[in-house]
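Each chain gets a letter, A, B and so on, in the order the sequences are listed, and its residues count up from 1.
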Amino acid sequence: MKDSAFTRRVLSIVRRIPPGRVATYGDVAHAAGRTRAWRAVGNIMMNCSTPDVPCHRVVAAAGGLGGYGGNLEMKRGLLRAEGVLVSGSRIRDFRERRWPKAEKPAKKPRRTPPRRLT
DNA sequence: AATCTGACTGTTG
DNA sequence: CCAACAGCCAGAT
C-alpha cells in the first residue's frame, strides 16, 4: 500500500516524536500541514503498518490514550515504560509531556449554536 | 464518483 | 467530572 503525501508526512512526524513524550492527533495534524485533520491522522495510525512509527506515542488531546487496534494495554505499557504516567486510561502528566509544546489559548467563535433549553 | 467509517476535538448541559 | 451533539479531514469500500 502506498502512502499519500499526507500519510507520509504524518508518519514522518510521529517518527520524530522523542521518547518519553507524547503528541496529540491535533498536533500531528497541524504539523502535517492540516490543522483539522486529526481525524485522518487517527485513521492513518490505524494502519500502523509501519514499525518505524511509534503510534503508541500518539495520544488523544482529551487526555486519553486513544486506541491501539484494541490493544490499549500494550500502548499503556509502552507509554509507561517511557516515563509517561498513565492512570487507567488517562495520562496524568500528559499536559507536561505534550510535544512539541503547549499551545496558546485563543478565543474562537463557538461552533455549536446555543441550543436553548426550555 | 458517492457513501461510510474512524485510534478525534471542542463546547454545552 | 461525565455525557451528548456537532463538525471536520482523509482514506477505504
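Nucleotide dC8(B) holds its C1' atom 14 Å from the CG atom of Leu65(A), rounded to whole Å. What separates CZ of Arg34(A) from P of dG11(C) is a distance of 10 Å, to the nearest Å. Between Phe6(A) atom CZ and dG6(B) atom C1' the separation is 13 Å, expressed in whole Å. Here the P atom of nucleotide dG11(C) and the CG atom of Leu11(A) are 12 Å apart, to the nearest Å. Going from atom NE2 of His30(A) over to atom P of dC8(B) covers 20 Å, rounded to whole Å. Here the C1' atom of nucleotide dC8(B) and the OH atom of Tyr68(A) are 18 Å apart, to the nearest Å. To the nearest angstrom, C1' of dC8(B) lies 12 Å from CZ of Phe94(A). Taking atom CE of Met46(A) as the reference point, atom C1' of dA12(C) lies 9 Å away to the nearest angstrom.
At dA10(C), none of the side-chain N or O atoms of Arg8(A) fall inside 4.0 Å of OP1 or OP2 (strictly under the cut-off). Not one side-chain nitrogen or oxygen of Asn47(A) sits closer than 4.0 Å to the OP1 or OP2 atom of dA7(B). Within the 4.0 Å cut-off from OP1 or OP2 of dA10(C), not a single side-chain nitrogen or oxygen of Ser4(A) is found.
Around CZ of Arg76(A), the count of heavy atoms belonging to other residues, nucleotides or ligands within 6.0 Å exceeds 12.
When atom types are taken as modelled, the side chain of Lys75(A) and the backbone of Gly66(A) share no donor-acceptor pair closer than 3.5 angstrom. Ser4(A) contributes no side-chain N or O that, together with a main-chain N or O of Thr7(A), makes up a donor-acceptor pair within less than 3.5 Å. Side-chain N or O atoms of Arg57(A) include none that pairs as donor or acceptor with a backbone N or O of Leu79(A) at under 3.5 Å. For the pair Arg34(A) (side chain) and Ala40(A) (backbone), a donor-acceptor distance under 3.5 Å is absent.
No hydrogens or angles were tested; on distance alone, a donor-acceptor pair under 3.5 Å links the side chain of Arg39(A) to the base of dC8(C).
As judged by a 4.0 angstrom heavy-atom cut-off over every strand, Ala40(A) is placed among the base-contacting residues. Using a 4.0 Å heavy-atom criterion, one finds that Arg90(A) contacts the sugar-phosphate atoms exclusively.
Here the nucleotide nearest the side chain of Asn43(A), chosen from dT9(B), dG6(B), dC8(C), is dG6(B). Of the candidate nucleotides dC9(C), dG10(B), dA7(B), dC9(C) has the atom lying nearest to any side-chain atom of Arg36(A).
Nearest-nucleotide positions on DNA chain C place Trp38(A) closer to the 5' end than the other of Trp38(A) and Ile44(A).
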